[in-house]
Every structure is written in structure tokens, then in C-alpha cells.
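Comments concern the structure below.
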Amino acid sequence: MGNDYRSRTSHSKSGPGDAGKTGSWRILRPVIDPGVCIPAKRGAPACYMCWLYCPDGVISRSIPPTIDYEYCKGCGICAEECPTKAITMVEESSFIKEDK
Ligand code: SF4
Ligand code: SF4
């Protein structure tokens with residue numbers, strides 16, 4: 001039944017917004033370089049390690065992958081896990097002018 005924990009899978013994945021709008025927590029912003037990102041370069045779905053490891057589920061499995069900055073808390077796990085180092089953590093303060 002719905003409340004029987006045994007009927008659930010052992011793996012759960014959080015979704016965007018499960019922890020609230022965590023984007024305001026961010027000091028560093030992950031930025032994907034499409035020139036290095038595998039699906040962006042191939043023009044085909046591939047890799048998506050960033051999507052797999054993001055604890056907040058805010059990265060899309062699209063070409064190229066996109067990050068929902070409203071919920072990304074800037075933990076940097078995606079950058080750590082990216083096999084091609086396509087994700088750079090950039091100081092949030094450097095985007096202040098852009099965002100206005
Ligand atoms: S882990 Fe890196 S190379 Fe793979 S899809 Fe994400 S940004 Fe692209
Ligand atoms: S920094 Fe990367 S792994 Fe962390 S919440 Fe943002 S998109 Fe997800």
C-alpha cells in the first residue's frame with residue numbers, strides 16, 4: 001500500500017523545490033561549457049553524470065543540459081562529478097550586474 005515502506009524502492013531522488021528555493025543560498029554558480037560538455041558536443045543524449053549526482057535534481061537531461069538556478073544551491077557536486085570538467089563554479093557576485 002502507499003504507506004508501506006516495503007513497497008517503495010530503496011532509491012529515492014529529490015526533486016526541484018523539495019528543499020525550498022535554495023538558489024539564494026548560492027555563493028558559487030555552476031556554469032556548463034557547451035564546448036566541453038559531452039551531449040552538447042555530440043548533439044546527442046549522453047553522460048548526464050551531473051544530472052545523476054545533483055542532490056536537488058535541478059539539472060535537465062537535455063542538449064545541452066540546463067541548470068535551474070532558482071533551486072541550485074551551489075554545492076558543486078555536479079562540477080566534481082563531470083568527467084570532462086565542463087562545469088565551472090563561478091563566483092555568484094560576478095553575475096550581479098547581469099541579473100539586474
Ligand atoms: S557531467 Fe559534464 S559532460 Fe556530462 S552532461 Fe553534465 S556537464 Fe555535460
Ligand atoms: S551545484 Fe550542481 S549539484 Fe549542486 S545543486 Fe547546483 S546543479 Fe545541483
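Counting starts at 1 for both ligands and their atoms, in listed order. Only heavy atoms go into these numbers, but all of them, side chains included; no hydrogens, no water, no symmetry mates.
The nearest N, O or S atom of C78 is closer to atom 2 (Fe) of ligand 2 than 2.8 Å.
Near C75, meaning under 4.0 Å from any of its heavy atoms, are these atoms of ligand 2: 1 (S), 3 (S), 4 (Fe), 5 (S). Per-residue contacts place P83 under 4.0 angstrom from the following atoms of ligand 1 (heavy atoms of the residue considered): 1 (S). When each atom of ligand 1 is checked for a heavy atom of T84 under 4.0 Å away, the hits are 3 (S). Shown in contact with G74 at under 4.0 Å from a heavy atom are these atoms of ligand 2, numbered in order with element: 1 (S), 6 (Fe). Near C54, meaning under 4.0 Å from any of its heavy atoms, are these atoms of ligand 2: 3 (S), 5 (S), 7 (S), 8 (Fe). Those atoms of ligand 2 that come under 4.0 Å of a heavy atom in I59, given as number and element, are 7 (S).
In this structure a side-chain-to-backbone donor-acceptor pair under 3.5 Å is missing from T88 to V90. Side chain of T84 to backbone of C37: no donor-acceptor contact under 3.5 angstrom is found. Side chain of R26 to backbone of C72: a donor-acceptor contact under 3.5 angstrom is found. With Y71 contributing its side chain and G57 its backbone, the two residues share no donor-acceptor pair below 3.5 Å.
Within the 4.0 Å heavy-atom criterion, the part of I87 lying near ligand 1 is the side chain and not the backbone. Counting heavy atoms under 4.0 Å from ligand 1, residue P39 touches it through the side chain alone. Under 4.0 angstrom from ligand 2, the non-hydrogen atoms of V58 all belong to its side chain. Of all the heavy atoms of P65, the ones lying under 4.0 Å from any atom of ligand 1 belong exclusively to the side chain. Contact annotation for C72 and ligand 2: heavy atoms of both the backbone and the side chain come within less than 4.0 Å of the ligand.
Distances from ligand 1 to the non-hydrogen atoms of P64 include no value under 4.0 Å. The shell of residues lying under 4.0 angstrom from ligand 2, judged by heavy atoms, includes P55.
The nearest heavy-atom contact from the protein to atom 8 (Fe) of ligand 1 is C37 SG, 2.5 Å. Nearest non-hydrogen protein atom to atom 4 (Fe) of ligand 1 is C47 SG, 2.3 Å. Ranking the protein heavy atoms by distance from atom 2 (Fe) of ligand 1 puts C82 SG, 2.3 Å first. Here the protein heavy atom with the shortest distance to atom 1 (S) of ligand 1 is C50 N, 3.3 Å. At the shortest separation from atom 5 (S) of ligand 2 among protein heavy atoms lies K73 N, 3.6 Å.
The two residues A40 and I63 make their nearest non-hydrogen contact at CA-CG2, 4.2 Å. The two atoms that bring P65 and I32 nearest to each other are O-CD1, 3.5 Å, heavy atoms only.
A distance of 9.5 Å separates CG of D33 from NZ of K41, quoted to the nearest 0.5 Å. Considering CD1 of I59 and CD1 of I87, their distance stands at 5.0 Å, rounded to 0.5 Å. Note that the CH2 atom of W51 and the CD atom of E81 stand 14.0 Å from one another [nearest 0.5 Å].
Hydrophobic clustering, with ILVMFWY side chains joined whenever heavy atoms are under 4.5 angstrom apart, keeps I38 apart from M49. Residues Y53 and V36 do not share a hydrophobic cluster, defined by chaining ILVMFWY side chains whose heavy atoms lie under 4.5 Å apart. Both V58 and V31 belong to a common hydrophobic cluster when Ile, Leu, Val, Met, Phe, Trp and Tyr are linked at side-chain heavy-atom distances under 4.5 angstrom.
For atom 3 (S) of ligand 1, the nearest non-hydrogen atom from the set I63, L52, I38, I67 belongs to I38.
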